[in-house]
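The next block holds one structure in the form of structure tokens; read it before the comments.
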Amino acid sequence: MGNLLKVLACAELEHGPIVFLDFEHAQPTEAETAVWNQVSAVLEEAHGILAELQSYNGAGQEIREAIQNPGDLALQEKAWNAVCPLVAKLKRFYEFSLRLENALRSLLEALTSPPYAPMQHLEREQALAKQFAEILHFTLSFDELKMTNPAIQNDFSYYRRTISRNRLNNQQLEAENEVNNEMANRMSLFYAEATPMLKTLSNATTKFVSENKTLPIEDTTDCLSTMACVCRVMLETPEYRCRFTNTDTMLFCMRVMVGVIILYDHVHPVGAFAKTSKIDMKGCIKVLKEQPSNSVEGLLNALRCVCVNLCDVQKQIWKSFLISALSPLLSSSVPFLSGTRHGI
């Protein structure tokens with residue numbers, strides 16, 4: 001009986017979503033208000049964080065001059081004064097990721113709680129589903145900007161080297177009071193990730209599943225796969241696309257789809273790329289490849305970098321399709337994407 005229900009559910013999703021997710025106009029019901037208000041307070045900061053990251057130029061020039069002239073104290077001070085406010089900004093980004101992690105947990109609790117099935121949750125709690133989507137949209141946007149800005153890690157590396165050098169000389173700089181050694185270590189691990197925000201959310205989702213022993217893992221993975229399916233069908237179906245009133249909603253849907261695929265891949269025992277996966281990966285990749293390359297390259301890069309089970313695709317019947325979709329990215333101009341972390 002269970003297998004029959006699974007087949008019926010999959011067949012139903014393949015023909016299209018039962019519910020249209022109104023990412024543009026969904027408003028919270030009375031039952032959603034408490035969680036919605038909590039998450040909304042976090043999301044209000046998201047636009048400002050992205051704007052700050054987009055305008056992040058770094059202190060490359062000052063750092064180069066200081067390194068080339070180690071005996072020039074004026075240049076050392078100039079570089080330090082340029083780096084310190086930037087590191088304070090990077091600290092704010094990191095601290096925001098922790099608040100975002102808590103917001104995601106609240107949404108997962110609301111969208112996976114019994115007795116409702118994933119599709120019922122999405123239909124009943126569209127405002128919360130919209131917030132979940134907004135978190136994923138912010139996350140992919142943040143990581144795309146971080147991917148293409150090497151100044152972030154360069155600035156932070158210089159900051160840490162300077163702190164370490166001054167410690168050896170028994171000197172303590174005032175900036176250490178704001179970013180102490182423990183915080184610097186955590187920030188270093190965060191920014192060392194190719195996609196730090198996605199990594200944070202992936203870890204948070206995995207932790208949510210492991211800590212909620214009484215909640216079947218399928219409740220969480222089905223929520224993610226259902227949202228991925230709904231986004232895919234909304235993107236590939238003209239009658240749904242024509243309901244979008246904002247031209248940016250297409251990209252929003254693509255980012256959300258990629259985000260839930262990555263979370264699913266981290267939480268599900270066999271990942272998103274297995275033949276038994278409830279996510280139609282071939283359909284999702286096809287939807288992405290049909291869009292202008294400049295709008296989806298970062299999303300395909302995210303799939304390649306973050307999905308822990310991507311190497312398993314080589315065992316699947318349709319491996320050639322996925323690899324051909326990702327192959328143009330193997331020679332990407334983004335330096336850290338040229339590695340072979342997942343054996344592709």
Side-chain angles (χ1 to χ4, degrees), residues 2-3 5-6 8-10 12-13 17-19 21 23 31-32 34-36 38-39 42 97-140 195 197-233 255-281 284 302-303 306-310 312:
N3 288 335
L5 290 176
K6 179 179 176 182
L8 290 174
C10 290
E12 188 176 58
L13 288 177
I18 299 171
V19 56
L21 285 180
F23 287 140
E32 296 172 272
V35 175
W36 189 90
Q38 175 193 342
V39 177
V42 177
S97 76
L98 302 181
R99 294 196 292 277
L100 202 67
E101 180 180 345
N102 291 330
L104 178 73
R105 182 184 181 89
S106 297
L107 289 173
L108 285 173
E109 288 174 351
L111 294 173
T112 61
S113 59
Y116 302 113
M119 189 65 79
Q120 291 174 305
H121 273 298
L122 294 182
E123 186 172 17
R124 291 169 56 90
E125 295 147 359
Q126 290 231 348
L128 297 186
K130 179 174 180 281
Q131 286 186 320
F132 187 84
E134 286 172 341
I135 285 178
L136 293 173
H137 179 262
F138 164 82
T139 297
L140 270 293
T195 52
M197 285 290 179
L198 266 175
K199 182 66 174 177
T200 297
L201 296 195
S202 298
N203 289 343
T205 307
T206 303
K207 185 178 179 182
F208 171 80
V209 170
S210 64
E211 289 181 349
N212 288 271
K213 304 293 186 184
T214 59
L215 185 70
I217 188 173
E218 291 80 10
D219 288 18
T220 303
T221 56
D222 285 356
C223 173
L224 299 174
S225 61
T226 300
M227 184 170 276
C229 178
V230 171
C231 287
R232 174 182 59 78
V233 176
R255 284 198 174 119
V256 174
M257 182 179 72
V258 169
V260 290
I261 287 172
I262 291 170
L263 295 186
Y264 181 98
D265 188 69
H266 277 72
V267 174
H268 197 279
V270 297
F273 295 90
K275 291 173 68 175
T276 55
S277 169
K278 290 186 178 180
I279 296 180
D280 177 9
M281 285 304 304
C284 292
L303 282 175
V306 183
C307 285
V308 295
N309 295 294
L310 187 53
D312 292 340

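- Rounding to the nearest 0.5 Å places SG of C223 at 10.0 Å from CG of L263.
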What pairs of donor and acceptor atoms, side-chain ones from residues 212-219 against any protein atom, are under 3.5 angstrom apart with sequence neighbours left out?
residue : atom : partner : partner atom : Å
N212    : ND2  : F208    : O            : 2.7
K213    : NZ   : S210    : O            : 3.0

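- The line from CG of L201 to OG1 of T206 is 10.5 Å long, rounded to the nearest 0.5 Å.
- A donor-acceptor contact closer than 3.5 angstrom is absent between the side chains of E101 and T200.
- Residues that satisfy the ring-ring contact (aromatic ring centres under 6.0 Å, His included) test with Y264, not counting sequence neighbours, are H268.
- If you take CG on L100 and CE on M197, they are separated by 6.5 Å, rounding to the nearest 0.5 Å.
- With hydrogens and angles ignored, the 3.5 Å screen pairs no side-chain donor or acceptor of E123 with any backbone N or O of Q120.
- Smallest separation of non-hydrogen atoms from A204 and L104: CB-CD2, 4.2 Å.
- Heavy-atom minimum distance, A103 versus V39: O-CG2, 3.9 Å.
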ask   = So E211 and R105, side chain to side chain contact (heavy atoms under 4.5 Å, CB included) or not? Walk me through it.
value = CA-CA 11 Å; E211 289 181 349; R105 182 184 181 89; 3.1 Å; yes

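- Annotation: side chain of V260 is not in contact with side chain of C231 (no heavy-atom distance under 4.5 Å).
- When atom types are taken as modelled, the side chain of H266 and the backbone of G271 share no donor-acceptor pair closer than 3.5 angstrom.
- In this structure, Q131 has no side-chain hydrogen bond (donor to acceptor under 3.5 Å, both in side chains) partners at least two apart in sequence or on a different chain.
- Closest of all the heavy-atom pairs between A127 and W36 is CB-CD1, 3.8 Å.
- Side chain of D222 to backbone of P118: no donor-acceptor contact under 3.5 angstrom is found.
- By the 4.5 Å heavy-atom criterion applied to side chains, H121 and T112 are not counted as neighbours.
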inquiry  = Does V270 form a side chain to side chain contact (heavy atoms under 4.5 Å, CB included) with S277? I'd like the steps, not just the answer.
reply    = CA-CA 8 Å; V270 297; S277 169; over 6 Å; no

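- For the side-chain hydrogen bond (donor to acceptor under 3.5 Å, both in side chains) test, residues two or more places apart in sequence or in another chain that qualify with E32 are T29.
- With sequence neighbours excluded, no residue forms a side-chain hydrogen bond (donor to acceptor under 3.5 Å, both in side chains) with D280.
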Using a 3.5 Å cut-off and no angle test, enumerate the donor-acceptor pairs between side-chain atoms of residues 132-140 and protein atoms at least two apart in sequence or in another chain.
residue : atom : partner : partner atom : Å
E134    : OE2  : K130    : NZ           : 2.8
H137    : NE2  : R255    : NH1          : 3.1
T139    : OG1  : I135    : O            : 2.7

message = Run the side chain to side chain contact (heavy atoms under 4.5 Å, CB included) test on M257 and C229 for me, step by step, so that the C-alpha distance in whole Å, both residues' side-chain angles and the decisive distance to 0.1 Å come before the verdict.
response = CA-CA 8 Å; M257 182 179 72; C229 178; over 6 Å; no

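- The structure places CG of D265 at 12.0 Å from OG1 of T205, a figure rounded to the nearest 0.5 Å.
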request  = For the pair C284 and I279, evaluate side chain to side chain contact (heavy atoms under 4.5 Å, CB included) and give the outcome as yes or no after the intermediate values.
outcome  = CA-CA 8 Å; C284 292; I279 296 180; 4.0 Å; yes

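- Considering CE of M119 and CE of M227, their distance stands at 10.0 Å, rounded to 0.5 Å.
- For the atom pair CG (L198) and CD1 (I262), the distance works out to 4.5 Å, reported to the nearest 0.5 Å.
- Residues S106 and Q38 share a closest heavy-atom pair of OG-NE2, 2.7 Å.
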